[in-house]
Amino acid sequence: MEPLHINFTFERFENASTFSPEIQSLLKRCVEAMQSAYAPYSKFHVGAALLLEDGTVVLGNNQENAAYPSGLCAERVAIFAAGANHPQMRITAIAITAGSANYTSDDPVTPCGACRQSMLEYEIKQDSPIPLYLLSPTGQVTLIPAVSQLLPLHFDAKNLL
Ligand code: THU
């Protein structure tokens, strides 16, 4: 039996200086979103900024709750807001960052499994890749070219036919 392999390609940049002004601005907006996260329990603040095809930026941040599972991650707050308010608009990029007193790594936070699944739904719906720009606390940017890359062998609507 031949083993099967899945390749995963992504890039890492020391800082945002080589990106377009639009992406640099999006990265700033996700930091802004992170700063107003409501995370009194974990004290782990996450911000997401979605760029739509007409230039609109939709922000999201994590919203926690005393009944812990009732809270929601930044990425899903943002993508559901885009889905609710701009249902016909394509998403051209998503910038994500996170921070807390103890988290000062070069490595960015990567979206949790549920957020990967949720973002993938919209990537499939719009039939074009959504690149993810993951900003680390030290300013490095990891560029994932499409959400689908983060979720190999995923489940989606085609399985429901
Ligand atoms: N969180 C996000 O907002 N996005 C992620 O991708 C990972 C985790 C939030 C959820 C919770 O409010 C806090 O970070 C700690 O898990």
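Numbers here are sequence positions counted from 1. Order of appearance sets the numbers: ligands from 1, and atoms from 1 within every ligand. In this text the structure is predicted, and so the values were computed from the model without any measurement.
Residues E64 and S42 have side chains that bring a donor and an acceptor to within less than 3.5 angstrom of each other.
For Y38, there are no ring-ring contact (aromatic ring centres under 6.0 Å, His included) partners two or more places apart in sequence or in a different chain. Not counting sequence neighbours, D106 has no partner by the salt bridge (Lys or Arg N to Asp or Glu O under 4.0 Å) test. Checked against salt bridge (Lys or Arg N to Asp or Glu O under 4.0 Å), E53 has no partners two or more places apart in sequence or in another chain.
Remark: K125 does not engage D156 in a salt bridge, criterion side-chain N to carboxylate O under 4.0 Å.
Annotation for Q149: atom CD counts as buried by contact number, over 12 foreign heavy atoms lying within 6.0 Å.
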Extract all N/O-N/O pairs under 3.5 Å that connect ligand 1 to the protein, and present each with both atom names and the distance rounded to 0.1 Å.
unit_1   : atom_1 : unit_2 : atom_2 : d
ligand 1 : 3 (O)  : A74    : N      : 2.9
ligand 1 : 4 (N)  : E75    : OE1    : 2.8
ligand 1 : 6 (O)  : E75    : OE1    : 3.4
ligand 1 : 6 (O)  : E75    : OE2    : 2.8
ligand 1 : 6 (O)  : C112   : N      : 3.1
ligand 1 : 12 (O) : N62    : ND2    : 2.9
ligand 1 : 12 (O) : E64    : OE2    : 2.5

